[in-house]
Amino acid sequence: MPNRSTSSRPAGAAAAKKAPKSHKADGTAKKRWSAAERADRGHGPRRSGGRPRSESGFGADRPGRDETPRRFDRDEAPRRSDREDAPRRSDRDDRARTDRPRFERDDRRRFERDDRPRRFDRDDRPRFERDDRPRRFDRDERPRFERDDRPRFERDDRPRRFDRDDRPRFERDDRPRRFDRDERPRFERDDRPRFERDDRPRRFDRDDRPSGDREHRRGASRPPVDQHGGRRHESRPHRFAERASGAGDRRPEWQQVVEGTEDQMSWTEAAAVDVTELATAEEGNGFAALGLPGVLVGALASQGITTPFPIQAATIPDALAGRDVLGRGQTGSGKTLGFGLPMLSRLADGPRGRTRGVVLVPTRELAMQVADVLSPLASTVGLSVVLVAGGMAYGPQLKAFDRGVDVVVATPGRLIDLMDQGAADLSSVEITVLDEADHMADLGFLPDVRRVLDSVPPTGQRLLFSATLDRGVDTVVREYLDDPVTHEVDSGQATVSTMAHHVFQVKPYEKQTITAEVANREGRTVLFVRTQRGADRVASQLREVGVMAGALHGGLTQGARSRILSAFKEGTVPVLVATDVAARGIHVDEVSLVLQVDPPMGPKDYLHRAGRTARAGGEGAVVTLSLPHQRREVARLVKQAGVATVAQDVSADDEQVYRATGARKPSRPAIEDAEYERMIAPPVKARGSRRPGGQFRGRGRAQGGRQGGGRPRGGHRPV
DNA sequence: AAAAAAC
């Protein structure tokens, strides 16, 4: 047994440090009990191995070892006080006497020994572990992390009652109820004095312009924009006729059943709409009734779109008439067509090849989507559309301006870039649209938006649209709009009625598990997180437990952004973990659940994130996870978003969660990075697959394709 | 206070 002795180890090592007495298999020192520990376990003092003994050969290679200072507990010549002739002290326990057999001796030092007689009721724990305070019946004995140490006035010790409103005072509304009070959240309310408001129910055929302005549109400072053929006067009798025949769907939005929406992302090719095969604008087509040109109405009809959404019915007539419009409609309610159709109609009359329409949007993905929606419609009236956004090749965009392009759909940064390069000329722009206008009026965006608005002629028409159009746009409205008309079509409801809302109060250590359970559900799911890194982290954690998830955020290359979004649309990656880059406007079919892993920053963000589901009359659920410290904040956000939902405490593997979301316990093996990469790889064999971008073919093929061009043509048309 | 938006 070579390991029993240090002599088997290199002499140098043995000399360098105190030799262990025995070793484990790996050569490390074996733990030796101290005398005290041995005594605790009922053993006597060591009989061997306690220290080197020259007579046993132990430590024989360490000369001078025996010169180490003597210690009282060494079992050799007894110390003076321990010798037989030492004066006996009455309190001395002779268990320590060295003349006793070693196994009976207690070699621990005095302060280490507890000589008191044993008592069953004594608390032998060290002081710091004991609680010596006198017992009090009302003391909270729970461990600190469980106790509520706040002073009494801060605690709420009253027994819980299901019907009490426990929210902090500033969150409660204690005012006596009044039947006529507007309870909608502030950003939804119209706080203007009564005489400034127009409370009459909206009618698509009413001329809302101030009376002095009805016959010609604006004052001398802004010549009428509808100079090309007097569209307004032509269309008006038509609209009246339609009204007389009862046309136009006036039902509230949630009662309408409409096939398809404006936001459908995958219109692949402009050429797909063949003018010769267009459905005719029949009597009763709601879009024709709004005064849109027949060729556009036909293009829509051939897509199965014949009934305008309320926001479209409300805004199109005014926009067609050339007025500045503020439009607000619920998420997924058709705003893109709300501004797109009148813009294209008005530009249809007039010259070609100069940029006469600009649509500004806050994200590149939304820009693609809007361009994809407008491009085929534009081509039916002979207008070309170009997508101008960062992260994509300059070539096609520059070329488009070279040839002359009629409508620009852009994110602000790249458009300004092209303006500075002298490629984009906005001096002929007649119509400017701010999509997600309240966001574009944000502090971060405003300077860029200003630059664009300052570059277009001040006489042009401006259209501002958003699902949460609030007073935040006031500055823009004041500076850049002329006598705007506001259309708000959301029936006082913050979210659509087909949307279910849940707030899950989760424990920090279970959040990840619950997130994975929910993400593992059937169907497409969008997860929202606060930060880019958070998106990456959550996505990779999900893949680790076998849930195919991809991260989407602004820190990725545009190529990666496009690929993950495509994979999500195709369904190969059913879970998208996104920052707020995907919160606004992005449309993906059949997203059945939105999970807010991190709470949104504000009530507007809540509504936009939620709006990724339940689009165009579909159903969907919105789940918000809340940690203990977020409880109040989340309650406030949800309430301000106009959602009447209270948090429910849930835990991992919780029947409530399964029922509400269709969650399932993840049970598949981890997804390797390589496998994930394959899923979002560039669409090599993508012939026929659906992609976010289509080929834009405006007049003269204004733009060839997107970054990484050369993508195969073709593909089926979406339903 | 993060994200988005140009290179």
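Protein chains get the first letters and strands the later ones, always in sequence-line order, with residue 1 at the start of each. The analysis underlying the following values was restricted to heavy atoms, covering all of them including side chains, and did not include hydrogens, waters or symmetry mates. Treat the numbers as computed from the prediction; the structure is a model and nothing was measured.
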Sorted by chain and residue number, the side-chain hydrogen bond (donor to acceptor under 3.5 Å, both in side chains) partners of Ser427(A) (sequence neighbours excluded) come out as Asp425(A)
The nucleotide from dA1(B), dA6(B), dA4(B) with an atom nearest the side chain of Tyr394(A) is dA6(B)
**Item:** Sugar-phosphate only, base, or nothing, as touched by Arg584(A) at under 4.0 Å among non-hydrogen atoms
**Value:** nothing
Rounded to whole Å, the NE2-C1' distance (His608(A) to dA3(B)) equals 14 Å
Practice item. Before accepting this row, confirm whether a basic side-chain N of the pair Asp420(A)/Arg451(A) lies closer than 4.0 Å to the acidic partner's carboxylate O. Key: yes
Exercise for review: Examine dA2(B): is either OP1 or OP2 under 4.0 Å from a nitrogen or oxygen in the side chain of Thr579(A)? Give yes or no.
Suggested key: no
*Gln421(A) side chain N/O closer than 4.0 Å to the phosphate oxygens (OP1, OP2) of dA6(B)?*
no
(Q) Considering every strand and a 4.0 Å limit on heavy-atom distances, what is the contact class for Gly390(A): base, sugar-phosphate, or nothing? (A) sugar-phosphate
Winner on side-chain proximity to Arg561(A), out of dA4(B), dA6(B), dA1(B), is dA4(B)
Item checked: Distance-only side-chain donor-acceptor flag, Gln532(A) / Asp536(A), under 3.5 Å -> no
Winner on side-chain proximity to Thr531(A), out of dA4(B), dA2(B), dA5(B), is dA2(B)
In whole angstroms, the gap separating P of dA4(B) from CG of Leu415(A) amounts to 20 Å
Rounded to whole Å, CD of Gln532(A) lies from C1' of dA5(B) at a distance of 12 Å
Atom CG of Asp442(A) and atom C1' of dA1(B) are separated, to the nearest Å, by 12 Å
Between CG of Leu360(A) and C1' of dA6(B) the distance, given in whole Å, is 14 Å
Those residues at least two apart in sequence (or on a different chain) that pass ring-ring contact (aromatic ring centres under 6.0 Å, His included) with Phe568(A) are none
From CD of Glu436(A) across to P of dA4(B) the rounded distance in Å is 15 Å
| request: Indicate, with a heavy-atom threshold strictly under 4.0 Å, whether Asp417(A) touches base, sugar-phosphate, or nothing. | output: base
Rounded to whole Å, the CD-P distance (Gln558(A) to dA6(B)) equals 9 Å
I want to check one thing: is the phosphate of dA4(B), taken as OP1 and OP2, less than 4.0 Å away from some side-chain N or O of Arg530(A)? no
Modelled atom types, side-chain donor and acceptor of Arg403(A) and Ser384(A), under 3.5 Å
no
Atom NE2 of His553(A) and atom P of dA5(B) are separated, to the nearest Å, by 12 Å
